[in-house]
Peer 1: 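What follows is a structure written as structure tokens; I'll ask about it next.
Predicted, not measured: the structure shown is a model, and the values here were computed from it. Within every chain, numbering begins at 1; the chains are lettered A, B, ... in the order of the sequence lines, protein sequences first and strands thereafter.
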Amino acid sequence: MSGFCYFIGKRRRTTMQMFKEQIAQRLAPLVDWEPERVAAALEIPPDAKLGDLAFPCFQLAPKLRKAPPAIATDLANRLEVPAVVAKVEVVGGYLNFFLHPHALAQQVLEAVLEAGDGYGNAQLGAGKTIVIDFSSPNIAKPFGVGHMPTTVLGNSISKLYKALGYNVVRVNHLGDWGTQFGAMIVAYLRWGENDPLTEDPIGKLYRLYVKFHQEEEKEPSLRDEARAWFSRLEAGDPEARKLWQLFYDVSLKNFKRTYDRLGIDFDYYTGESFYVDKIDAALERVKAAGITEVSDGALVVPLGDDLPPCLLQKSDGATLYATRDLAALFYREETFKPERIIYVVALDQSLHFKQLKLVLEKMGLPLADALVHVPFGLVKLPEGKMSTRRGQMVLLDDVLQEATSRVREIIAEKNPELPQREQVAEEVGIGAVIFHNLKNSRMRDIIFDWNEVLNFDGETGPYLQYTHVRCMSVLRKAGRQELALPQDLSGITDEVAQQVLKRLSQFPEIIVKAAESYEPSTMSRYLLDLAQDFNRFYNTCRIIGEVEAVETSRLALVKAVAQVLRRGLDLLGLKAPEQM
RNA sequence: GCGCCUGUAGCUCAGCUGGAUAGAGCAACGGACUUCUAAUCCGUAGGUCAGGGGUUCGAAUCCCUUCAGGCGCGCCA
């Protein structure tokens, strides 16, 4: 995790990184540090008035036995500044660097525009494979807003790693096996009236599911019935299998429609049922390692006093969650040879993954190190936890429906002439919902609030999309195809433009940071900052109709911002319409 | 009881690999559209960074502790 700031540079240096390295090269010998250490110590001052980069001298004080301000002054006098630095100032214990506005503009715009949509990509992961397991819903249940975090986090994380050159395998580990399917069969046989489920299958299955759990309260024997049907299913009973297949087919079809709408796809829809015939071998493998024991009739792996044991087989012989996950781990290792297997699964399952990891460790498998659990908080209702079985949930379809119709209203009001209104409403409405789920640190619980999801002002997806639209609109109206950077860049040397340029230069680092911390919100926040910087520029500076050099340089900046916004939105899984 | 996570402005949150006066958005109030899309921008107001202790030249950030909330802890997934 450490060192991303100066490691990425090995092949293609990022621009903010370039500036840091140029300064570090000259400064390193004076302070007797490695250049990498100096580069890492360089920070961005809280206020641009203080400079563009700063070197704090406090750590040098004990060794040099001098006060930090004196050290800074001394360094300022002895330092031979690189060409990009226009000015060095000493403030307190800080050595502050002001980049040459012209050099900053030129280097950043060249880097961004030349790389095009590849700006920010890296080769950190060349030759390495990552398997990412995300979304993984329980089928035969509707897609609720509670499934959004894993779905959009996983999508974004896999795109971030792809940008870093990794080969990413996206797996949807469908919850398509287990006692719940016994329950579905019982409910369908009792109350399903042999419905072929051709219309509104998910709604019907959902009502059956809720009814089962209501009836189960009054009639606890239903639970045993469900277990029995699941046993029959595992044993290959044709009737059980036929019903299971029906539920599976209609559910998957429905889920795929939702994923299409969200713009998300998977390389494999290999759910738990896929591993049924691989479980015995997995179980044997664990047993052969000699770490299992039988406790109360169940097969377990004891994990010491601090952790509860990992249950592999119930006393009736049936398999469990952990058993199937182990089978999946072995299969994935053999099939994809990944350096990492990432599980984007809610925080409440931390113990499960901790146990899996420990089991692998006890088996002496390096696979233990590859296993990464990326947890996130719960989506809750103001009343408390959501519960599918009690019917306390919000359907994603309802939210998408509300969001897109709200966008449609706004378009009718603000831009009634807009071409392709339907598509834009879809892209913006869904963008709002996705961004809402990626805006904040993933560990926080989300209280579902219609007002927040349907707000399109301020820190929202539509705000970012709107900013992109503004850029595209300017470029369209300028009507210029070729944008060779002029010699004279004085149109973008003022403070607001420079702020935008500095922000653009950070994009590559942001990709790495977001990927390594499995935290797309880092990208979300960055894009909000970029959009805000740009909108400030847009409101301050005229672009079209200025003298040619000014217009051209500003257009280049607009083009670069549009490009980074589009790319950043894509990494989050949002579309960037050209008009809205 | 034990373990994991969270606690920053009225609300939702950034900032947390220690650094300069703690930042946004929403809500409130006041401004900016005959000029590139006002889904925008500018300003005003709003803070014991949950409380206490410690480490440090320096702590919202690291350590300890207390409190509050969420989640989990053997045959569900």
Side-chain angles (χ1 to χ4, degrees), chain A residues 1-5 40-41 43 45-47 50 54 56 58-59 61-62 67-68 91-94 96 136 138 175 177-180 272 295-300 306-316 318 320-322 324-325 345-352 354 375-378 380 384-385 407 410-411 413-415 418 428 432 439-441 443-447 449 451-452 455-460 462-467 469-478 521-522 524-525 528-529 531-532 534-546 554-555 558 579-580:
Chain A
M1 184 107 24
S2 67
F4 68 83
C5 344
E43 54 192 51
D47 187 337
L50 289 165
F58 307 97
Q59 286 180 48
V91 179
Y94 290 92
N96 291 337
S136 310
N138 285 327
W177 206 245
T179 311
Q180 52 173 330
E272 292 183 284
S295 157
D296 293 333
L299 185 72
V300 306
D306 298 332
L307 281 181
C310 180
L311 257 83
L312 296 180
Q313 212 170 14
K314 299 195 236 179
S315 37
D316 69 1
L320 286 149
Y321 190 36
R324 290 169 223 147
D325 258 347
V345 178
L347 177 66
D348 56 11
Q349 288 181 41
S350 295
L351 178 60
H352 167 71
K354 200 184 267 183
F376 54 86
L378 266 61
K380 294 191 284 193
K385 210 176 165 180
V407 173
I410 295 175
I411 289 173
E413 177 196 327
K414 293 181 191 284
N415 197 357
L418 179 69
V428 174
K439 178 170 53 163
N440 294 329
S441 137
M443 293 307 284
R444 282 181 178 278
D445 287 350
I446 299 174
I447 310 287
D449 181 344
N451 288 332
E452 275 188 49
N455 174 32
F456 304 146
D457 298 332
E459 297 174 330
T460 65
Y463 170 69
L464 298 178
Q465 291 169 318
Y466 176 75
T467 307
V469 161
R470 268 188 155 172
C471 293
M472 296 313 285
S473 181
V474 171
L475 293 172
R476 200 167 44 243
K477 293 203 171 158
S521 69
T522 302
S524 307
R525 294 285 159 186
L528 289 170
D529 288 338
Q532 195 167 43
F534 174 78
N535 283 318
R536 204 166 281 151
F537 165 76
Y538 179 92
N539 271 280
T540 318
C541 302
R542 184 88 205 146
I543 300 160
I544 298 172
E546 295 289 311
R554 287 185 179 168
L555 283 173
V558 172
Q579 296 182 60
M580 65 188 268

Peer 1: Given side chains that start at C-beta, do those of A/T460 and A/K439 come closer than 4.5 Å, heavy atoms only?
Peer 2: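 A/T460 does not reach A/K439 side chain to side chain.
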
Peer 1: Write down the distance separating the P atoms in B/G30 and B/G23, rounded off to the nearest Å.
Peer 2: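 That atom pair is separated by 26 Å.
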
Peer 1: Rounding to an integer number of Å, can you tell me how far A/Y538 OH sits from B/C33 P?
Peer 2: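 These atoms are roughly 15 Å apart.
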
Peer 1: Could you check how far CD of A/E459 sits from P of B/A24, rounded to whole Å?
Peer 2: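 After rounding, the reported distance stands at 10 Å.
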
Peer 1: In whole Å, what separates the C1' atom of B/U40 from that of B/U35?
Peer 2: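 My reading of the C1' atoms in B/U40 and B/U35 gives 16 Å.
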
Peer 1: Would you measure the distance from the C1' atom in B/U61 across to the matching atom in B/A22 and give it in whole Å?
Peer 2: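 So the two C1' atoms sit 11 Å from each other.
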
Peer 1: Compare all side-chain heavy atoms of A/L307 with those of A/K354 and state whether any distance is below 4.5 angstrom.
Peer 2: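 Sidechains of A/K354 and A/L307: in contact.
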
Peer 1: Hey, mind stepping through A/Q465 and A/F456 against side chain to side chain contact (heavy atoms under 4.5 Å, CB included) and telling me if it holds?
Peer 2: CA-CA 10 Å; A/Q465 291 169 318; A/F456 304 146; over 6 Å; no

Peer 1: Rounded to the nearest Å, what distance is computed from the CE atom of residue A/M443 to the P atom of nucleotide B/A14?
Peer 2: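 One finds 12 Å between P of B/A14 and CE of A/M443, rounded.
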
Peer 1: Grab the two heavy atoms, one from A/T467 and one from A/N535, that are nearest each other, plus how far apart they are.
Peer 2: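 Answer, listing the atom of A/T467 first, then A/N535: OG1-ND2, 3.2 Å.
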
Peer 1: Just call it for A/V428: base, sugar-phosphate, or nothing, with non-hydrogen atoms closer than 4.0 Å on any strand.
Peer 2: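 If one applies the 4.0 Å heavy-atom cut-off, A/V428 turns out to touch a base.
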
Peer 1: Measuring from the side chain of A/M580 (C-beta onward, heavy atoms only), which nucleotide among B/A77, B/A39, B/C75 has the closest atom?
Peer 2: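 Shortest atom-to-atom distance from the side chain points to B/A39.
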
Peer 1: So, is A/R470 near the phosphate of B/A39, with a side-chain N or O under 4.0 Å from OP1 or OP2?
Peer 2: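 Checking B/A39 against A/R470, no side-chain N or O comes under 4.0 Å of OP1 or OP2.
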
Peer 1: Starting from the C-alpha separation in whole Å, work towards a yes-or-no answer on side chain to side chain contact (heavy atoms under 4.5 Å, CB included) for A/Y466 and A/V428.
Peer 2: CA-CA 9 Å; A/Y466 176 75; A/V428 174; over 6 Å; no

Peer 1: For B/G46 versus B/A59, give the span between their P atoms, rounded off to a whole number of Å.
Peer 2: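 Per the computed distance, 26 Å lies between those P atoms.
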
Peer 1: Is the base of B/C33 syn or anti, where syn means the angle lies within 90° of 0?
Peer 2: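 What B/C33 shows is a syn base, its glycosidic angle lying within 90° of 0.
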
Peer 1: Let's see if you can work this out: which of B/C75, B/C71, B/A39 has an atom nearest to the side-chain heavy atoms of A/K314?
Peer 2: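 Closest nucleotide among those given: B/C75.
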
Peer 1: Give the nucleotide from the list B/C36, B/C75, B/A20 with an atom nearest to the side chain of A/V91.
Peer 2: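 Looking only at heavy atoms from C-beta outward on A/V91, the closest nucleotide is B/A20.
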
Peer 1: Reading RNA chain B from 5' onward, which residue's closest nucleotide shows up sooner: A/G175 or A/R536?
Peer 2: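 Closest to the 5' end, via its nearest nucleotide, is A/R536.
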
Peer 1: So, is A/R444 near the phosphate of B/U12, with a side-chain N or O under 4.0 Å from OP1 or OP2?
Peer 2: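 For B/U12, neither OP1 nor OP2 has a side-chain N or O of A/R444 closer than 4.0 Å.
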
Peer 1: Record whether the side chain of A/N96 comes under 3.5 Å of the base of B/A20 through a donor-acceptor pair of N or O atoms.
Peer 2: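 Indeed there is one.
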
Peer 1: Name the nucleic acid region contacted by A/C471, choosing base, sugar-phosphate or nothing; use a 4.0 angstrom heavy-atom cut-off, strictly under.
Peer 2: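 No contact.
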
Peer 1: Given a 3.5 Å cut-off on both pairing distances, which stems involving RNA chain B, each at least three consecutive Watson-Crick or G-U pairs, are present, if any?
Peer 2: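 Ordered by first number, the stems with RNA chain B (at least 3 consecutive pairs each) read B:1-7 with B:67-73, B:10-13 with B:23-26, B:28-32 with B:40-44, B:50-54 with B:62-66.
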
Peer 1: Hey, does A/A346 reach any base, or is it just sugar-phosphate, or nothing, if we go heavy atoms under 4.0 Å?
Peer 2: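 A/A346: no heavy atom of the nucleic acid under 4.0 Å.
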
Peer 1: Identify which nucleotide among B/A20, B/G72, B/A39 has an atom closest to any side-chain atom of A/E43, counting heavy atoms from C-beta outward.
Peer 2: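 For A/E43, the side-chain atoms sit closest to B/A20.
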
Peer 1: Give A/I411 one of three labels, base, sugar-phosphate or nothing, depending on what nucleic acid heavy atoms sit under 4.0 Å from its own.
Peer 2: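 Base contact.
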
Peer 1: Counting only side-chain nitrogens and oxygens, does A/Y466 get under 4.0 Å of the OP1 or OP2 atom of B/A39?
Peer 2: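 Yes.
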
Peer 1: Between B/A24, B/A77, B/A38, which nucleotide has the shortest distance from any of its atoms to the side chain of A/Q532?
Peer 2: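 Output: B/A24.
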
Peer 1: A/K439 NZ to B/U12 P: how many Å, rounded?
Peer 2: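 Rounding to the nearest Å, NZ of A/K439 and P of B/U12 are 12 Å apart.
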
Peer 1: Let's test your reading of the model: under 3.5 Å, does the base of B/C75 pair with the side chain of A/S315 as donor and acceptor?
Peer 2: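 Looking at the base of B/C75, it does pair with a donor or acceptor on the side chain of A/S315 (distance under 3.5 Å).
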
Peer 1: Mind checking whether A/S524 and A/T522 have side chains closer than 4.5 Å, heavy atoms only?
Peer 2: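 When only atoms from C-beta onward are counted, A/T522 and A/S524 do not touch, as no gap falls below 4.5 Å.
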
Peer 1: Checking contacts here: which listed nucleotide (B/A39, B/A77, B/U40) is nearest the side-chain heavy atoms of A/T179?
Peer 2: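 Looking only at heavy atoms from C-beta outward on A/T179, the closest nucleotide is B/A77.
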
Peer 1: Report which part of the nucleic acid A/L320 touches: base, sugar-phosphate, or nothing (heavy-atom distance under 4.0 Å, all strands).
Peer 2: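 Sugar-phosphate, backbone atoms only, no base.
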
Peer 1: Between B/C75, B/C13, B/C41, spot the one nearest the side chain of A/A298, thanks.
Peer 2: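 Looking only at heavy atoms from C-beta outward on A/A298, the closest nucleotide is B/C75.
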
Peer 1: Does any non-hydrogen side-chain atom of A/M580 lie less than 4.5 Å from one of A/I411?
Peer 2: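 No, side chains not in contact.
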
Peer 1: Look at all strands and tell whether A/E413 reaches a base, only sugar-phosphate, or nothing, counting heavy atoms closer than 4.0 Å.
Peer 2: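 Here A/E413 touches no strand at all.
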
Peer 1: Could you state the OH-C1' distance from A/Y463 to B/A24, rounded to the nearest angstrom?
Peer 2: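 Answer to the nearest Å: 10 Å.
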
Peer 1: Work out how far the P atom of B/C64 is from that of B/C75, and round it to whole angstrom.
Peer 2: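 The same atom, P, in both gives a distance of 33 Å.
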
Peer 1: Locate the shortest heavy-atom distance separating A/I543 from A/F537; write the atom from each residue and the value.
Peer 2: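 Looking at all heavy atoms of both residues, the closest pair is CD1-CE2, 4.2 Å.
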
Peer 1: Could you tell me whether the side chains of A/D296 and A/S315 share a donor-acceptor contact shorter than 3.5 Å?
Peer 2: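 Distance-only check fails for A/D296 and A/S315.
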
Peer 1: Taking the same atom, P, in B/A32 and in B/G18, what whole-Å distance lies between them?
Peer 2: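 B/A32 and B/G18 have their P atoms separated by 46 Å.
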
Peer 1: Could you pick out which residue, A/D296 or A/S441, lies toward the 5' side of RNA chain B when each is mapped onto its nearest nucleotide?
Peer 2: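 Final value for this comparison: A/S441.
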
Peer 1: When you measure from the side-chain N and O atoms of A/K477 to the phosphate of B/U37, is any distance below 4.0 Å, counting only OP1 and OP2?
Peer 2: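 For B/U37, OP1 or OP2 has a side-chain N or O of A/K477 closer than 4.0 Å.
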
Peer 1: Run the numbers on A/R444 and A/F376 for side chain to side chain contact (heavy atoms under 4.5 Å, CB included), then give the verdict.
Peer 2: CA-CA 7 Å; A/R444 282 181 178 278; A/F376 54 86; over 6 Å; no

Peer 1: To the side chain of A/K354, which of B/U12, B/G3, B/A20 is closest?
Peer 2: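 Selected nucleotide (nearest to the side chain): B/G3.
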
Peer 1: What is the distance, to the nearest angstrom, from the NZ atom on A/K385 to the C1' atom on B/G70?
Peer 2: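 Those two atoms, NZ and C1', are 10 Å apart.
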
Peer 1: Between atom CZ in A/F534 and atom C1' in B/A39, what is the gap in whole Å?
Peer 2: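 The distance from CZ of A/F534 to C1' of B/A39 comes to 15 Å, rounded to the nearest Å.
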
Peer 1: Rounded to whole angstroms, how far apart are CZ on A/R542 and P on B/U34?
Peer 2: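 These atoms are roughly 13 Å apart.
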
Peer 1: Among B/C75, B/A77, B/U40, find the nucleotide with the atom closest to the side chain of A/Q349.
Peer 2: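 Of the options given, the side chain of A/Q349 lies nearest B/A77.
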
Peer 1: For the C1' atoms, the ones on B/G52 and on B/G7, what distance do you get once it is rounded to whole angstrom?
Peer 2: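 Taking atom C1' in both B/G52 and B/G7, they lie 16 Å apart.
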
Peer 1: Determine the contact category for A/P45: base if any of its heavy atoms lies under 4.0 Å from a base atom, sugar-phosphate if only primed atoms, P, OP1 or OP2 are that close, otherwise nothing.
Peer 2: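 It contacts base atoms.
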
Peer 1: Expressed as a whole number of Å, how far does the C1' atom of B/C26 sit from that of B/A14?
Peer 2: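 B/C26 and B/A14 have their C1' atoms separated by 14 Å.
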
Peer 1: Would you indicate what A/L351 reaches in the nucleic acid, counting non-hydrogen atoms under 4.0 angstrom: base, sugar-phosphate, or nothing?
Peer 2: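 The answer is sugar-phosphate, as A/L351 gets under 4.0 Å only of primed atoms, P, OP1 or OP2.
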
Peer 1: Checking contacts here: which listed nucleotide (B/C4, B/U12, B/A77) is nearest the side-chain heavy atoms of A/L347?
Peer 2: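 Per side-chain heavy atoms of A/L347, the pick is B/C4.
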
Peer 1: Let's go through A/R554 and A/I544 carefully: what are the C-alpha distance in whole Å and the side-chain angles of both, what is the deciding distance for side chain to side chain contact (heavy atoms under 4.5 Å, CB included) to 0.1 Å, and is it a yes or a no?
Peer 2: CA-CA 9 Å; A/R554 287 185 179 168; A/I544 298 172; over 6 Å; no

